[in-house]
Amino acid sequence: MRIGVFICHCGSNIAGTVDCAQVAAKAALFPDVVYATDPMYTCAEPGQAAIEEAIHSHKLDGVVVASCSPRMHEPTFRKTVERAGLNPYMFEMANIREHVSWIGRDIEANTRKATELVRLAVEKLRHNRPLQAQEFPITRRVLIIGGGVAGIQAALDCADGGIPVVLVEREATIGGKMAKLDKTFPTVDCSACILGPKMVDVAQHPLITLYAHAEIEAISGYVGNFSVSIRQRTTYVDWSKCTGCGTCTEKCPSKKSYDHFNEGIAPTTAITIAFPQAIPKKAVINKDFCRQLNGKKCAVCAKVCPTGAIDFAMEDSFVTENVGSIVVATGYDLMDWTIYGQYGHGRYPDVITSLAYERLMNASGPTGGHIVRPSDGKEPKSVVFVQCVGSRDPAIGRPYCSGFCCMYTAKQAILTKDHIQDSQSYVFYMDIRAPGKMYDEFTRRAQEEYGTHYIRGRVSQIFPDGQGQLTVLGMDTLLGRPVEIKADLVVLAVGIEASRGARELAEKLRISYDAYGFFLESHVKLKPVETNTAGVFLAGVCQGAKDIPASVAQGSAAAAKVLTLFARETLASNPQIAQVTAKRCVGCGKCLRCCPFGAIKSSLVKGEEKAEVIATMCQGCGLCTATCPQGAIQLAHATDDHILAEVNALCRL
Amino acid sequence: MMNKTLCLNSALPTKDSNAPNFSQKVAALSQQAIHTCYQCGNCSAGCPAAFAYDLQVNQIMRAVQLNQEDLALSAKSLWLCLGCATCSLRCPNAIDVARVMETLRHLARQQNKITVPVVEKFWLSFLNCLRAFGRSYEIGTMVLYMLRSLRLTTDLDLAPQALAKAKLGLLPHTHAGRAAVGRIFTRFAESEAQSKRDKEASSCN
Amino acid sequence: MPALANNELRIVGFLCNWCSYGGADTAGVARASQPTDLRIIRVPCSGRVDPLFVLKALLNGADGVLVSGCHPRDCHYGTGNFYARRRLEVLKRFLPILGIDPARFSYTWVSASEGQRWQKVVSRFTEEIHALGPAPRFEAVEPLAKACSWTQESKGPVSVISPELLEQLKKAIADKLPELDCVLGWQEGRDLLHSVPLFIRSEDDLTKLRCDATCHNNLVRYLPDLKGQKVGIIVRSCEARSVVQLLQEGLISREELVVFALPCQGLLDLPRLEEALGRYQRLEDLTLTETTLRLRVDGQERVFQTADFRQSRCEQCPGELPAIADQSFGDFSGQTASQTLPPELAFLDSLNLQERMGFWRACMERCILCHACRNSCPMCVCRDQCIAESREPHWQSAEASVKEKFFFQIIHALHLAGRCTGCGECQANCPVGLPIFALRAHLNRIVSELFDGYQAGCDPKAVPPLLTYSQEEAHIHERSWE
Amino acid sequence: MQLAYFPGCSAKGSSLDYELSTQAVMAALGITLKEIADWNCCGSTPAHAVSSLLSSALCARNLDLAARAGADLLATPCPSCLSNLKATSKRLEDASFRQKVNALLDAPCAETLPKTTSVMQAMAELVSLDELAQKAKLSLKGLKLVAYYGCLMSRPAELMQFEDPENPMLMERMLTALGAEMLDFPLKTACCGAAFGIPQRPLTAKNSGRILELAANLGADAIVTCCPLCQMNLDLRQAQAEKAMGRRFALPAPYYTQILGLALGLSPEDLGLAKLVVPMDGLLAKLTPKQAPLASEAPSSEVSE
């Protein structure tokens, strides 16, 4: 074999703490290495050209690049060597940046470590064989999980691009959190007015199949060919008959139901339609509050329903959909702010969340858009907004910023003044984070035009003063004085957390999530929409805090990724899959038993049972290889011999 | 002092010295991550003594972060802190602020920066009685304190009530342990003196 | 802890591509300084890490080995790390019997977002390896010439099959023989004391059948080779468990098998008996009762108490016969479990780590690499495809160094993890008398501890513990890196 | 039942009524308090304000005495003493600190020291709410009370391990069981101004004033206390607080043990009620005999009088 080795300086990123020239000089002495050099930037155009040039001039049949993480540039260099006529798998990388130069300052130790990692890569490459990818057909349909604004955008873009969409929404209506908002910053236009038409488009698009009040039960398969089991949670209303006329909700005698859509600011009926613009506009019975379902005689809804849609015997049902790609847009929930005892653990009715305040201001909300105190229905004159409740609070394990609270708090302060001319708003903040277009100007307007008092400091305690108002103990750090405000209403800008059930969904999707349950993108900067599972993309807040414009942009970005993937009829399989040496196989079936993908089957070879790998199903985990005692099944490019070569390169001195 | 422009450069770390700076020293003594304070002011917001402070708790934390030793240790607030730990309970960075305050108080005492002497006088009066009697002796503490602070009318308004209700024991309790307590105080004084001598000796070198 | 440049130790890391390798990248991007000793080998999944890689590294000079994968439930492939957790925990507990400090090996879970955790893991592990210092090299340790006592105070009798029972058995076999290709039993070998397997194909062969306490060969060893034929086999408790294990693994088929079961009180320990007899020319007669063995050797009458020569293996016999017999003969009520610690294992337990490595070092000097241990093992189903002798994969070099010989023993033992039925044939057949059963017995002990008392070969429907997983492991607790 | 007991200095002086009522209530509940012999002052705030070492040495001597008397649990009625004892136990986990403390003592303190707790928690641990209610002779029905814990009972939270540090409910549970109406009192763990009544009167007057004001606004008949210093500030110094707030409260501030004692049928003398500066007369008048339990509910062993 003739191997060329390239030790990248990466500017000073590597060369700063690794003697690259020395590593190249030592690498030149490794077996089969015929050429070694240390370019400044290997991944840049001249660097790649130099590799191609060296392959031709030195007749190389294998290349090792020592630079950054292969998770970053392995695909780049595979293409480089392929352009020069080599099989792309005759290439190995040594990670001497993230694993060497960036984590230690000792040049001598780093240089030695880099040299050994290059040796490791060379030894591995010596066992490489050319691999050929196979083409396999794909299902050109996409599953979108979550019908908030990000999911809606992704669904519409995909469907407009000609791709059939399966949209699954957990709640009874799509629209997500945006549908609950009154107005949106920084334009203060009506949320329903801009989201509503999009929701209608979803309902009317011929290529979109909507499953509302449904959840993902199980997912199997792989990019191009996923099989998804969807649980249609029972609504006790046959939606094929329900016309959304609302007669049932008017007559339902159980009027103490918790109203999730209105954040519980007022009770509702046991059978409901979330809000007038709901999509689908269908009724759902809340099992916890329905008299009939709790053993009492009632069934009023069934009696009044003109289409006979009520079905108390209905149970969850399951549907299986086959798709080639998945967009996850599951959004967020508010953290449980009632852990804060100093704010009353949730026992003071006039201390509410910002989302509840949106419903209070919303014309379609239970108060018809009149801002009143939940305790006594009186109009508040002194309103205190407290930011960062459950955000940037390491003491409760939530060090992150929720991103959009500063902006909506400014909006709510403005709207409060619009609703109640003689009111005064106070905002307790730590920093005003308003880096978007027209954002900072917006927070200035809240202060300059609307006279909101912004007070820099956290609030230590909120409690009723026994005379009908709330005492807010805060600090004005700019004044250097503790301050006390008598408030009629306190609105908490409660921090966000990953949507309930996000972790379980991540496990089904085989994608990663961070310590707070937000899904992990492939690369923070360069692959913000992709996940580590091919064919699964992210959109919206499920990936991290972001506002509506960013969620919409990411929804479109995810759709673009799906359309890119589906631009072809077939996909190339990863050729780094398991292969069986039939001679060595004794047909014990241990590999079949362990394979997570069911990608190994038993077949008769000359009358004997042998394992056989289904190439398009194998994902290349290598569990079978570690399981087979005879070493009869080997994962290409991670064979026992590859790994032994690496172990020996490190240990046999 | 409050209105003086502070020169922050003076607190630059020196290259060849391994000696911890003031902030690190306070962090080590209090075992608190001072550097994580992000000045939200929650400590001050809930502080029951804040109205009497010359420097708010969060400002004291800031002074420590910026190595403003003199500013931090001269604050009267150190002596007015009630030790109620509301600040610690609600700190979003889980800093035990009350412990930092106590650490600063110890340091201020070591440097003889006692900016509210009456408070220290009250403590010392209490401890003197304790040293003598092994248990607290309220009348004795009061008398000593009044003599020390020259505030001869302290709580005179309460005296009729207190006496009528026999709130204060007129005589110290008698118990066998008083001698043992006295010895604890004697040894403590010796150890304090010794560590002071050690410090002086090391600073001379 | 910044390891001093010239003071580096050799630490090998196996990191899964999706989580831990990404976590190490994240740590790098955050410039989280770490000791430089660790060298990382990227694998697709922690489930790809064959425990033998870890041992290869440790035997070849690594001072520490770290495996890191995705957190349980977060595996990119769904279940790979669940398998890894079981296998690596077994491995960690296996190391001490070899004389290797288990602290030299660790496994953990680090996600791609946990750069800080990775920094902590690397720093702590490196610190711990430095505290242990350079690992002793197997080929360089002082051999410990200490004899391992195999004798064990015996309580039970040995098996004697009455002539009536033997006739009953013969008749049953004769009845069944027309439907069978052959029936496996025992016959007299070079003399009355030494048995060899008997392949009964005709009624004539039946006259040679013997079934007493001298017949120690585990006949199950021949069954996989006879796959496709209809075979009968005579089993006692130990053979029965081997049959069950092969059935579990699908290597023999129940439909092709007719099982004739005999009760067993215990077998004679032939190597010890031979030692007691000394050299002899002719064994003229043998009379066996449950308690005494009478031999006429070179014209001399010799009498032995069978209790003194009962196989130590029979002391650990679980007794009860797994329910697989087609036909049973005699009274099975006398089979009781005693469950004492095998003497080899008790001996090794009494040594410290350094002594154990020295002891194995001395053993491996005597090993002649004849592979009799493997060839007699009913569970060694790889046959000609044993990875100890293959070129591809190339696990072992041809050199007969103590290290390579030891690695062969490790391969055999680890391939038996959760599968060994404890028949002891490996050790019984060792021509140089190495106490290698200790390795298997220790593994059986680990498997039993970790998996709720699991014993191989008891339940034909059980799934071997290393070929399955549970999402929450009752007895495996991840170490904290705090 | 026996409980090792550290009364604290106030018990023998300014809070003699707390001591009397604690002893009386515990006796009525069948718990004997065994005072550790020869105890000394815990050092209170002044000791730890001057030096943690001095404070811990003073406390360590007491813990050691209790350990030598065979106690594995030591209860004290005073939150301030408890706080010092607990802080000492925590600090003594550090071997080098323990060495320094031992150097100040006559002899090194015992290896294993007793755990410490408040009399209130010990009582709740030993006597269930049902038992308490059963033993009551009078009903607190009609009384509107607020419970006030002060700072040290629950802070620092990790050290004191007392209920939800922002909203402890132990006194509420006890007094509700006896029929009282307990008002939600958001300032129940606010600071009363501690020992600063002497050197910095405004600190105490304003803070106590704030607490009394809220209790008065809520319409409480009394503010129930559990700390000698808090009680002194709210009761003896109530006039100072009234002056600072510019309004009159006349709000009794009894110890919880005094209220429990009343419900248990103990006499005002046994409970030292006369020592309260703000009198409880109005409140006493509201007490009613407990309604006889319905026949079916009456314990069979009870002998009818």
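Numbered from 1 within each chain, the chains take letters A, B, ... in sequence-line order.
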_Top contributor to chain B contacts, counting heavy-atom pairs under 4.5 Å, from D:S51, D:A47, D:S154_ = D:S51
*Using a strict cut-off of less than 4.0 Å between a Lys/Arg side-chain nitrogen and an Asp/Glu carboxylate oxygen, indicate whether D:E213 and D:R210 qualify as a salt bridge.*
no
*Is it the side chain or the backbone of D:A274 that comes within 4.5 Å of chain B heavy atoms, both, or neither?*
backbone
*asked:* Looking at D:K243, I want to see if its NZ is surrounded by more than 12 non-hydrogen atoms of other residues, nucleotides or ligands under 6.0 Å.
replied: no
*Decide, yes or no, whether a salt bridge links B:D96 with D:R155 under the criterion of side-chain N to carboxylate O below 4.0 Å.*
no
*asked:* Quick check on the interface: out of B:L82, B:V116, B:T186, who has the most heavy-atom pairs with chain D under 4.5 Å?
replied: B:L82
_Contact class of B:R90 relative to chain D, heavy atoms under 4.5 angstrom_ = side chain
*What residue among B:T103, B:V100, B:L104 forms side-chain contact (heavy atoms from CB on, under 4.5 Å) with B:L29?*
B:T103
*Looking at D:L58, D:L53, D:L152, which one has more heavy-atom pairs under 4.5 Å with chain B than the rest?*
D:L58
*Aromatic plane relationship, D:W39 with D:F6 - under 30° parallel, 30 to 60° tilted, over 60° perpendicular*: perpendicular
*B:A52 versus chain D, heavy atoms under 4.5 Å apart: side chain, backbone, both or neither?*
side chain
*So which of D:S83, D:A194, D:A49 has the largest heavy-atom pair count under 4.5 angstrom toward chain B?*
D:A49
*Any sub-3.5 Å donor-acceptor pair from D:Q238's side-chain atoms to D:A250's backbone N or O?*
yes
_Proximity breakdown for B:L130 and chain D, heavy-atom pairs closer than 4.5 Å_ = side chain
_For the interface with chain D, which of B:V181, B:V118, B:L127 has the highest count of heavy-atom pairs at distances below 4.5 Å?_
B:L127
_Quick check: do B:I184 and D:L105 have side-chain heavy atoms less than 4.5 Å from each other?_
yes
*For B:R99 and D:E158, run salt bridge (Lys or Arg N to Asp or Glu O under 4.0 Å): C-alpha distance rounded to whole Å, both residues' side-chain angles, the deciding distance at 0.1 Å, then the answer.*
CA-CA 13 Å; B:R99 194 156 169 204; D:E158 301 75 46; over 6 Å; no
*Contact origin within D:D106 toward chain B - heavy atom pairs under 4.5 Å*: both
*Toward chain B, the part of D:A195 with a non-hydrogen atom under 4.5 Å*: both
*Examine whether an atom of B:F122 lies under 4.5 Å from a heavy atom of chain D, and if so say whether it belongs to the side chain, the backbone or both; otherwise answer neither.*
side chain
*Inspect the surroundings of NZ in D:K206 and state if more than 12 heavy atoms from other residues, nucleotides or ligands are less than 6.0 Å away.*
no
_Interchain contact, B:S88 with chain D, by part (heavy-atom threshold 4.5 Å)_ = neither
